[in-house]
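The figures here come from the full heavy-atom set of this structure, side chains too, leaving out hydrogens, waters and symmetry mates. Here is the naming used below: chain letters follow the sequence lines, and residue numbers restart at 1 for every chain.
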Amino acid sequence: MTTFALVDCNNFYASCERVFDPSLEHRPLIVLSNNDGCVVARSNEAKALGIGMAQPVFELRDLIRNRGVVVRSSNYTLYDDMSRRVFSTVQSFFPELESYSIDEAFLDLDGIASGDLLESVATMRKAVLQYTGIPVSIGIGPTKTLAKVANHLAKQDRTGSGVTRLGTGADDESTLASVDVGDVWGIGPRWKQTLATHGIHTALDLRRADDRWIQTRLNVVGLRTVHELRGIPAFTLEQAPPPRQTIMRSRSFAKPIETWDELARALASFTSRAAEKLRDQHSTAGVLTVSMATDRYRTDQPRYANHATARLPAPVNDTPTLIRHALAAGQRIWKEGFHFKKAGVQLTAIESSQPEQLQLFDPLDPGTSNRVMHVMDHINRTMGTGTLRSAAMGTGEAWITRRQHHSPRYTTCWDELVEATANTNRGAS
DNA sequence: TCTGGGGTCCTAGGACCC
DNA sequence: TCTGGGGTCCTAGGACCC
């Protein structure tokens, strides 16, 4: 029988900020979403103040001022790099790893003697903290869902061990009875509501639910969760994630956009980033969708939201072709006289680019185009994002994202390394 | 006047995740 | 003044085919 572990970084973005700025320890700290819009990470002190996940930051103005809450814009360059460091440390102890999100990884602990298991996991946890500065919690169980539940309990663990195991003893039922059904992985707010009408309130209730009722009222996804709670695995470890089927780049604008020229530059920029992502995973896209919308929260201005889909004559992954289609599609739905607050580009009908697609009607020889993109990607990777860019993106970026509380890219940028001062006090008393 | 049934593909919408 | 962004999977229903 397989044993899974879930390693989850505690308050990940907040912890990353603290590693390089220890003055943030023991203080309420929040990290904001793009555009400094709402809260995406909170230190324990911030949670204790009642600051909610995804809470809009303008609602917190008084709290921030009166309670000394420290605010940071999100710094994904730093978080991505820290994530890589944490996982590679974990993997040096347990090679069978699935990186599930930026701050979580599942492990397969098969082959580790049950008696040594808690000890080796605790050793790994200590090493991660020592090597990266990031505290992690670890849940262990016979299925991914039970490992998730165990992880949830490990986070609340007051003993400080940070490791919890489920699925071994008679305590399981009373433990599961203490877990709210909404805290089970896969049960969101709507399903929690549905379950409540049937008297299902805890993880234990859900484990004991009737299969047929679950499949009818939820669906097979819900049924899988129930089986997993019983210790019957429905999910396996996915060490090599399949390529994405959808690639999307969208942003809210710091200032509303009112001209087509500006919106076109934004669309070109989104398309360019999506295309890079596409080439990263060696894919092509056959369908491109452009969307634009005015501010959905403003009732005092005319509202408009629309999207346009372009089916490409042949699947491609080169930036100029994709931009051309994006701008043509955007122009079809563009309307003068609105204040656009958000736009995006989505790539679908994604296929592998190997073997090479032949493009009968493409004016540009695919070989030439591929070489140009290859060079462009290489330069941008080694010399910095945006070093080489498509002319359609322009240089102004009037729509640029607001990031007023940004921390340095300590680990990936020579100009932003952390500075240490050694105070030797030579000659002093 | 009678008016089947099964299969596939696609899309939109809804649920979930971090 | 101020409300994120990027994904997955499943289901129902319509179009179309034989």
Side-chain angles (χ1 to χ4, degrees), chain A residues 6-13 30-42 51-62 64 71 73-74 76 79-80 83 98-106 144-145 148 151-152 181-195 214-225 228 234-235 238 241-256 270 273-274 277-278 281 286-287 289 291 293-301 307 309 311 339 341-350 401-405:
Chain A
L6 177 67
V7 182
D8 189 322
C9 302
N10 300 348
N11 312 328
F12 182 53
Y13 300 166
I30 57 176
V31 179
L32 306 183
S33 64
N34 272 310
N35 242 2
D36 290 346
C38 50
V39 176
V40 294
R42 306 156 293 159
I51 296 174
M53 186 64 178
Q55 196 171 359
V57 71
F58 71 85
E59 291 177 5
L60 299 169
R61 220 177 24 190
D62 291 344
I64 289 168
V71 178
S73 303
S74 40
Y76 289 105
Y79 309 152
D80 281 338
S83 170
E98 168 190 347
S99 87
Y100 173 69
S101 74
I102 192 166
D103 67 336
E104 284 172 69
F106 284 104
K144 283 182 163 183
T145 302
K148 269 273 196 186
N151 187 276
H152 176 75
V181 74
D183 289 330
V184 173
W185 188 42
I187 305 299
R190 297 304 298 268
W191 285 3
K192 177 178 156 73
Q193 228 181 332
T194 303
L195 292 167
I214 292 292
Q215 174 145 17
T216 316
R217 299 303 301 270
L218 312 183
N219 54 33
V220 297
V221 178
L223 188 58
R224 272 179 217 144
T225 297
E228 286 242 320
F235 307 115
E238 308 268 353
R244 302 259 175 243
Q245 297 171 38
T246 305
I247 292 172
M248 189 165 162
R249 285 297 175 268
S250 71
R251 281 290 177 279
S252 295
F253 306 129
K255 275 186 291 186
F270 300 152
R273 288 185 216 160
K277 207 72 201 161
L278 192 63
Q281 64 168 32
V287 171
T289 302
S291 61
T294 57
D295 192 337
R296 63 193 163 122
Y297 294 103
R298 292 202 49 172
T299 48
D300 59 327
Q301 289 179 349
H307 60 94
T309 295
R311 287 187 164 65
H339 301 274
K341 181 65 180 168
K342 188 177 178 177
V345 170
Q346 183 178 321
L347 302 177
T348 47
I350 287 174
T401 298
R402 190 179 312 134
R403 292 192 305 189
Q404 284 179 343
H405 314 278

Just checking [X]: base, sugar-phosphate only, or nothing, at a heavy-atom cut-off of under 4.0 Å?
X: A:Arg311; result: sugar-phosphate
X: A:Arg224; result: sugar-phosphate
X: A:Gln245; result: sugar-phosphate
X: A:Leu32; result: nothing
X: A:Asp103; result: sugar-phosphate
X: A:Pro189; result: sugar-phosphate
X: A:Val221; result: sugar-phosphate

- Query: Hey, is A:Phe58 doing a stacking thing with C:dT1, by the 5.5 Å centroid and 30° angle criteria?
  - Reply: no
Starting the side chain at C-beta, find the nucleotide from [options] nearest to [X].
X: A:Met248; options: B:dC18, C:dG6, C:dT3; answer: C:dG6
X: A:Arg251; options: C:dG4, B:dC18, C:dG5; answer: C:dG5
X: A:Cys38; options: C:dT3, C:dT8, C:dG5; answer: C:dT3
X: A:Asp295; options: B:dC16, C:dG7, C:dT3; answer: C:dT3
X: A:Arg298; options: C:dG7, C:dG5, C:dC2; answer: C:dC2
X: A:Arg190; options: C:dG6, B:dC16, B:dC17; answer: B:dC16

- For A:Ser250 and for A:Pro256, locate the closest nucleotide of DNA chain C by heavy-atom distance; then report the residue assigned to the nucleotide nearer the 5' terminus. A:Pro256
- Item | Residue closer to the 5' end of DNA chain C, A:Leu218 versus A:Ala54 (nearest nucleotide) | A:Ala54
- Query: Parallel under 30°, tilted from 30 to 60°, perpendicular over 60°: which one fits the rings of A:Phe270 and A:Phe253?
  - Reply: parallel
- Message: Just checking A:His405: does its NE2 atom have more than 12 heavy atoms from other residues, nucleotides or ligands closer to it than 6.0 angstrom?
- Response: yes
